Amino acid sequence: MKIATWNVNSLTVRLPHVLDWVRTAEPDILALQEIKLLTEVFPLESFTEVGYHAIASGQKTYNGVATLSREIAADPVTDIPGFDDPQRRMLVTTIDNVRVVNLYVPNGQRLGSLKYEYKLNWLAALRNFLAVEMALHEHLVVLGDFNIAPADPDVYDPVKWGEDIHCSPAERAALKELLKLGLVDVFREFEQPEKSFSWWDYRAGRFRRNAGLRIDLILASPALAARCTASYIDREPRGWERPSDHAPVIAEFGL
DNA sequence: ATGGTGGTCCAACCA
């Protein structure tokens with residue numbers, strides 16, 4: 001089973017890229033973030049035409065997540081219990097006996113800002129929700145745009161970036177709290193090329209210089225991680241015309 | 001370099 005995540009930065013603009021990519025990569029499950037459209041206008045038929053079911057939790061202009069799958073998704077959850085939030089950033093479904101938690105973690109903007117505080121509160125609430133989901137589902141995957149680079153090798157210039165947004169101690173501690181539940185960052189379970197990143201700012205030729213961060217992650221429960229056979233980043237779509245600023249991240253499982 | 005580019009939607013916000 002092949003599971004992937006991709007922040008598309010507007011599904012309206014990137015629909016042709018997503019359709020092209022699924023036709024060749026053939027993931028069983030694809031978690032999309034920043035679809036930036038209302039659930040009511042989600043292009044469902046475009047995906048059924050290429051053999052995918054789809055479920056979305058969207059809003060106008062910002063945020064929004066959707067999950068594509070070969071098999072139909074069941075038992076959707078779109079809100080973190082006890083965390084009142086109009087922003088559409090989570091979509092939990094069960095597909096092929098795997099609990100799939102698709103996330104668009106808040107960006108945080110800058111340290112000390114209201115958005116930063118919101119990010120940390122959101123992650124704390126998520127941690128409590130995931131503790132419950134972990135107990136209920138042996139095979140659970142938490143994937144998406146975490147807006148956190150786990151460690152220095154996930155940053156193109158860790159000295160220059162320092163402890164700025166995406167790399168601050170509080171953000172990394174919040175991610176560590178998720179890993180302490182038993183979740184495994186499967187990308188790091190395999191040998192990887194130096195300077196492996198999933199996001200490159202549009203500005204200042206960052207992709208051309210491979211000045212990126214690895215902030216798109218696939219975390220698996222222990223039983224699922226034990227079945228992971230490969231994980232990698234597909235940089236190719238980042239080089240396409242009018243690309244998303246993120247690349248797809250993939251994990252393969254012997255399921 | 002407190003900039004640069006890109007999406008949403010046409011002013012200003014978000015990333």
Side-chain angles (χ1 to χ4, degrees), chain A residues 5-21 30-43 46 56-66 83 85-91 102-123 126 143-150 154-168 170-172 174-175 197-217 233-249:
Chain A
T5 180
W6 194 6
N7 179 323
V8 293
N9 185 20
S10 167
L11 186 57
T12 306
V13 173
R14 234 65 67 188
L15 183 60
H17 284 196
V18 177
L19 293 171
D20 281 353
W21 192 77
L30 173 59
L32 301 174
Q33 301 86 34
E34 283 203 271
I35 62 172
K36 294 186 174 178
L37 45 78
L38 286 163
T39 307
E40 301 91 277
V41 298
F42 184 84
S46 299
S57 179
Q59 65 181 85
K60 194 172 164 62
T61 309
Y62 299 120
N63 310 315
V65 287
F83 190 81
D85 186 7
Q87 300 188 28
R88 303 294 80 199
R89 297 180 174 278
M90 185 178 84
L91 178 57
N102 176 2
L103 301 179
Y104 176 48
V105 176
N107 176 286
Q109 199 163 51
R110 50 201 317 159
L111 271 64
S113 68
L114 285 172
K115 289 193 175 72
Y116 183 73
E117 188 182 356
Y118 164 66
K119 180 179 195 172
L120 296 176
N121 290 336
W122 193 94
L123 286 163
L126 174 73
L143 76 173
D145 178 358
F146 282 71
N147 271 311
I148 302 170
D154 304 309
V155 182
Y156 73 98
D157 187 342
V159 173
K160 186 177 176 184
W161 198 282
E163 296 185 345
D164 207 349
I165 197 70
H166 310 305
C167 297
S168 70
E171 290 167 274
R172 284 178 167 170
L175 177 61
F197 307 124
S198 66
W199 170 80
W200 303 260
D201 199 303
Y202 284 121
R203 298 168 285 189
R206 290 279 185 86
F207 182 62
R208 186 179 47 76
R209 299 186 290 118
N210 193 31
L213 304 180
R214 188 177 70 96
I215 56 175
D216 299 271
L217 310 177
I233 296 165
D234 183 1
R235 294 165 48 99
E236 195 192 311
R238 184 60 179 81
W240 290 349
E241 195 177 342
R242 209 179 176 192
S244 167
D245 45 352
H246 295 251
V249 182

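Here the structure is a predicted model, which means the values were calculated and not measured. FYI, side chains are in, hydrogens and waters are out, and symmetry mates aren't considered; it's all heavy atoms of this structure. Here is how names work: the chains are called A, B, and so on, in the same order as the sequence lines, proteins then strands, and each is numbered from 1.
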A/W240 and A/W6 aromatic ring geometry - parallel, tilted or perpendicular at 30°/60° bounds: perpendicular
Euclidean distance, atom OH of residue A/Y116 to atom P of B/dC14 [Å, nearest integer]: 18 Å
Worked verdict on A/D145 versus A/I215 for side-chain contact (heavy atoms from CB on, under 4.5 Å): CA-CA 6 Å; A/D145 178 358; A/I215 56 175; 3.8 Å; yes
Contact check, side chains of A/K119 and A/I148, non-hydrogen atoms, under 4.5 Å: yes
Euclidean distance, atom CD of residue A/E171 to atom C1' of B/dA15 [Å, nearest integer]: 14 Å
Whole-Å gap separating C1' (B/dA15) and CG (A/L213): 12 Å
Sugar-phosphate only, base, or nothing, as touched by A/F207 at under 4.0 Å among non-hydrogen atoms: nothing
Between B/dC9 and B/dC14 - C1' atom distance, rounded Å: 13 Å
Residue pair A/W161 / A/P158, side-chain heavy-atom distance below 4.5 Å: no
Watson-Crick or G-U wobble partner of B/dT2, both distances under 3.5 Å: none
Main-chain N/O of A/P86 paired with A/R88 side-chain donor or acceptor, under 3.5 Å: yes
Complementary nucleotide of B/dC13, counting Watson-Crick and G-U pairs under 3.5 Å: B/dG7
Between C1' of B/dC14 and CG of A/L114, the distance in whole Å: 15 Å
Per-nucleotide protein contact string for nucleotides 2-11 of chain B (B base, S sugar-phosphate only, - none; heavy atom under 4.0 Å): B-BBSSSS--
Whole-Å distance separating the CD atom of A/E34 from the C1' atom of B/dC13: 13 Å
Pairs meeting criterion salt bridge (Lys or Arg N to Asp or Glu O under 4.0 Å) with involvement of residues 156-166 of chain A, two or more places apart: none
Nearest-Å distance once atom P is located in both B/dT2 and B/dA12: 23 Å
C1' spacing across the pair B/dA1 / B/dA11, given as an integer number of angstrom: 26 Å
Distance in Å, A/D154 CG paired with A/H166 NE2, rounded so as to fall on 0.5 Å steps: 13.0 Å
